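Since the structure is predicted, the reported quantities are computational estimates derived from the model, not experimental observations. Numbered from 1 within each chain, the chains take letters A, B, ... in sequence-line order.
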Amino acid sequence: MQLLEGLTEAQLEAVTTLEGPLLVLAGPGSGKTMVVTRRVAHLVAEGTDPARILALTFTNKAAAQMRERVSALVGDTVTAGMQVSTFHAFCARQLRIWSDAAGVSPNYSIWDTTDQRDAAKQAVADAGMSTSNWPPASVLSTISAAKNRLVDAATFEQEATDFNDRMVAKVYNRYEAILRRNDALDFDDLLRLVARMLLDNPSVSASFQQRWQYILVDEYQDTNHAQFIIASSLAQSHRNICVVGDPDQSIYRWRGADIRNILDFEEHYPEARVVPLGRNFRSTGHIVSAAAGLISCNTSHRHKDLHTQLDDGAPITIRTCLDEHEEAEAIVNHFRAAAAQGRPWKEMAVLYRINSLSRVLEDAFRRADIPHVVARGTAFYERREIKDALAYLRLLLNPNDDIALRRIINVPTRGIGKTTLDRVAAHATATGCRLGEAIRQPSGVPELTDRARKALSRFTEMVDGWREAMTSSLLGLDLADVVSMVLRDSGLEAAMVNTDDGEDRVENLSELVSAAADRPIEPDEEGNLPDLDRQLAHWLESIALVSDSDAIDPESGAVTLMTLHAAKGLEFDVVAVAALEQGVLPHSRSAMDPESLEEERRLCYVGMTRARLDLLMTRAMMRTHRGLRDRTMSSPFLDEIPAAHAQVVMPVEPWQNTASSTPRGPTLFKVGDQVEHPRFGLGRIQRVMARPRGTTATIDFDEYGPRTLLVAQAGLERVGAEYDDTGA
DNA sequence: GTACATAGAATTTTT
DNA sequence: TTCTATGTAC
């Protein structure tokens, strides 16, 4: 049978073990995706009803990929019945279906990180604490960790022993109250409430287990406690649970991932079959050995090393550069050389630890005219006008969502300013009603001016008008109609027209309308089309759960720039990992804690193992961060890579480049001079260096940014008088 | 009530 | 560097 062809013994075992608990330990490049998809296809081919299969992943992209690959094997009529979903999307959907059992409104809002921070900030203030001593973001991360362990506010308060936890407990209580009052859930709630429901409600749990008889969990090493509870509850009776993962690729500890879930799988399921896939089919020998050498420095690394039967290939390159600009240039040149040998751009990627590094790299690729995309799927939905539009829609579904309400009640300005809102809010608090209700009764608030009352009434009429239009079967609106109606009536669109970048914004808004029109409409469990409210809820939900890695399009024909986290699960012919510096990779925030340092090492390992043929690792000796230029120290990880597999490249003539060391001789240029270049136009010299091929100057061009050129060949002209200030 | 300016802070990764 | 929050002028 075709499904079982060309597999190694281990892979075959993983594909054909259909019943009972199964742990697949899949090293990078070990054919994990192929094994998983064939196993699902095999399950269906053996007569399992696809509707009984539930596959859970971490990203939408992984879910889409799995659905696609299984379809390719068994046809999409079969996969249509299958549930392939991310944990969060699965939970979000189940909570709308089982809202009564879970104790939430079916129209609940999902609050994103910004909304959460606003709520936490308010909670800190309500608790009488100062937001400077208790930064909302840090309090939130403690709360998030508690939620992921299924510890609610009351339990957290009971268990809080030290001062810090006791203070956080006060915030946690109030934060939860705010969420509840607003019919809002944060990301952690989605998992937590489903886990709680499965634990506490036997009939719901039974119904879930009846419905899905085969559970598959991808990236199991990254599951947190809530996800563990969900997966094990689902498999409780039939124990048909297959988990796939690799402890060496666990990189989400900071988000509550508990590596013990995968390490202790055999304890939870003593009858489990364990299939290690350690042979790498992806990368050439030097790359595999370099990565294996690095990961062997982790004390948590217990499994057999990765190995390959492919050729050795080329050693990896470890390159030290002078600064981030030269680093970006080195990567560009490296990629250009690979392209000259016939490698397509889409088979190349630059990986970095922190998003802020993308800028310099992006500039370099743009200047070099190389097609490139930065993986930032959430960027579109973070634009102000889009967030505003979505807030209107959220409010339409959930009138109790104060954060949405406050965001748009005066956008565009309609005379409902801070004073008015404060008065209404004070009144609402005093009378114990919600803000959303209070603005509907402006006459009940004595402090308001007539003008403010009128403005509030107009706002209410507008929203009510939309609701009516939505429920009117006569109009027969679809979701895209609703979106454009809101954009038009709210004045959001019209207000854009006169702003400086108005055209782009109007375009973004119409893109949002197209997105509403193009979104897939899934029929519900009974095969009926959901009503407009439900469609809106599903759409907003899918938007809330978009991630950066969702934007990666393998067919785009461009170099991909992304974080190391976003790169998990992907592979490329040529990979550059940038900024291997102390404090960046490993990140400075991991320095205190040995376990975090190990996670940074795993992150580096994940990055290295993305490369099939060619791996470049770079670091800069100087780097500008938050506007400050600093010397850097090399990452300890570079020293842990076995020398036999790496070729080390150092800068040719470092440190002849300070302002005082202007070379003597025929050079007419020195640091700070304004010069003109025939192609790049005006710029200012930042640096002059003696290099083997002649004197070079690094010039910050007004139009093209910094470039390093050979003075003898560049045809530079000095412009204007000499300046005393160097402008730097 | 609104728009602009200036001071100050900024946690890395993400559902 | 870039964003945000707060204060000031209209």
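- For A/D630, there are no side chain to side chain donor-acceptor pair (under 3.5 Å) partners, not counting sequence neighbours.
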Please write out each protein N/O paired with an N/O of nucleotides 2-7 of chain B under 3.5 Å, distance rounded to 0.1 Å.
from: B/dT2; atom 1: OP1; to: A/G415; atom 2: N; distance (Å): 3.4
from: B/dT2; atom 1: OP2; to: A/N410; atom 2: ND2; distance (Å): 3.1

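- A/A566 is linked by a side-chain contact (heavy atoms from CB on, under 4.5 Å) to A/S549, A/M562, A/T563, counting only residues two or more places apart in sequence or in another chain.
- Both geometric conditions, a ring-centre gap below 5.5 Å and a plane tilt below 30°, are not fulfilled together for A/Y252 over the base of B/dT14.
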Let me have the donor-acceptor pairs involving side chains of residues 579-587 of chain A, under 3.5 Å, with sequence neighbours excluded, atom names and distances please.
from: A/E581; atom 1: OE1; to: A/R623; atom 2: NE; distance (Å): 2.8
from: A/E581; atom 1: OE2; to: A/A620; atom 2: N; distance (Å): 2.8
from: A/E581; atom 1: OE2; to: A/R623; atom 2: NE; distance (Å): 3.4
from: A/E581; atom 1: OE2; to: A/R623; atom 2: NH2; distance (Å): 2.7
from: A/H587; atom 1: ND1; to: A/R589; atom 2: N; distance (Å): 3.0

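- At the heavy-atom level, A/S588 lies nowhere under 4.0 Å from the strands shown.
- Evaluation of the side-chain contact (heavy atoms from CB on, under 4.5 Å) rule for A/R407 yields A/R384, A/K387, A/D388, A/A391 as partners, not counting sequence neighbours.
- Among the protein residues, A/N60 comes within range of no part of the nucleic acid, since none of its heavy atoms lies under 4.0 Å from any strand.
- A residue-by-residue look at A/T420 and A/L545 shows that A/T420 has its nearest nucleotide of DNA chain B further toward the 5' end.
- Put simply, CG on A/L351 is 19 Å from P on B/dT12, counting in whole angstrom units.
- If you measure from atom CG of A/L628 to atom P of C/dT1, you get 10 Å, rounded to the nearest angstrom.
- Ion pair A/D186/A/K147 flagged as a salt bridge, since at least one NZ, NE, NH1 or NH2 atom sits closer than 4.0 Å to an Asp/Glu carboxylate oxygen.
- Going from atom CD1 of A/I354 over to atom P of B/dA10 covers 16 Å, rounded to whole Å.
- Remark: C1' of B/dG8 and CZ of A/R626 are 12 Å apart, rounded to the nearest angstrom.
- Applying the salt bridge (charged side-chain N to carboxylate O under 4.0 Å, His left out) criterion to A/R394, with sequence neighbours excluded, gives A/D115, A/D401.
- Among the heavy atoms of the strands, none lies under 4.0 Å from A/V584.
- The salt bridge (charged side-chain N to carboxylate O under 4.0 Å, His left out) check on A/E595 picks up A/R253, with sequence neighbours excluded.
- No aromatic stack links A/H565 and the base of B/dT13, using centre distance under 5.5 Å and interplanar angle under 30°.
- Distances shorter than 4.0 Å separate none of the side-chain N or O atoms of A/N355 from OP1 or OP2 on B/dT12.
- Summarising the geometry, the separation between CZ on A/R253 and P on B/dT14 is reported as 17 Å, rounded to the nearest angstrom.
- Considering only side-chain N and O atoms, A/T563 lies under 4.0 angstrom from the phosphate OP1 or OP2 of B/dT14.
- Between A/R376 and A/S358, the side chains place a donor N or O and an acceptor N or O closer than 3.5 Å (distance only, hydrogens not considered).
- Spacing between atom CD1 of A/I110 and atom P of B/dT14 amounts to 18 Å, rounded to whole angstrom units.
- A/F87 comes within 4.0 angstrom of no nucleic acid atom, judged by non-hydrogen atoms across all strands.
- Side-chain atoms of A/T33 and A/Q65 form no donor-acceptor pair, as typed in the model, at a separation below 3.5 Å.
- Rounded to whole Å, the distance from CD on A/Q227 to C1' on B/dT14 is 12 Å.
- For the pair A/E581 CD and B/dT12 P, the computed distance is 15 Å after rounding to whole Å.
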Next item on the list: Encode nucleotides 2-10 of chain C as B, S and - characters from 5' to 3', where the letter depends on protein heavy atoms closer than 4.0 Å: B to the base, S only to sugar-phosphate, - to neither.
Entry: S--S-----
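- For A/S490, the side-chain contact (heavy atoms from CB on, under 4.5 Å) partners at least two apart in sequence or on another chain are A/Y392, A/R414, A/W466, A/L492.
- Closest-nucleotide positions on DNA chain B for A/S141 and A/T113 were compared, and the one nearer the 5' end corresponds to A/S141.
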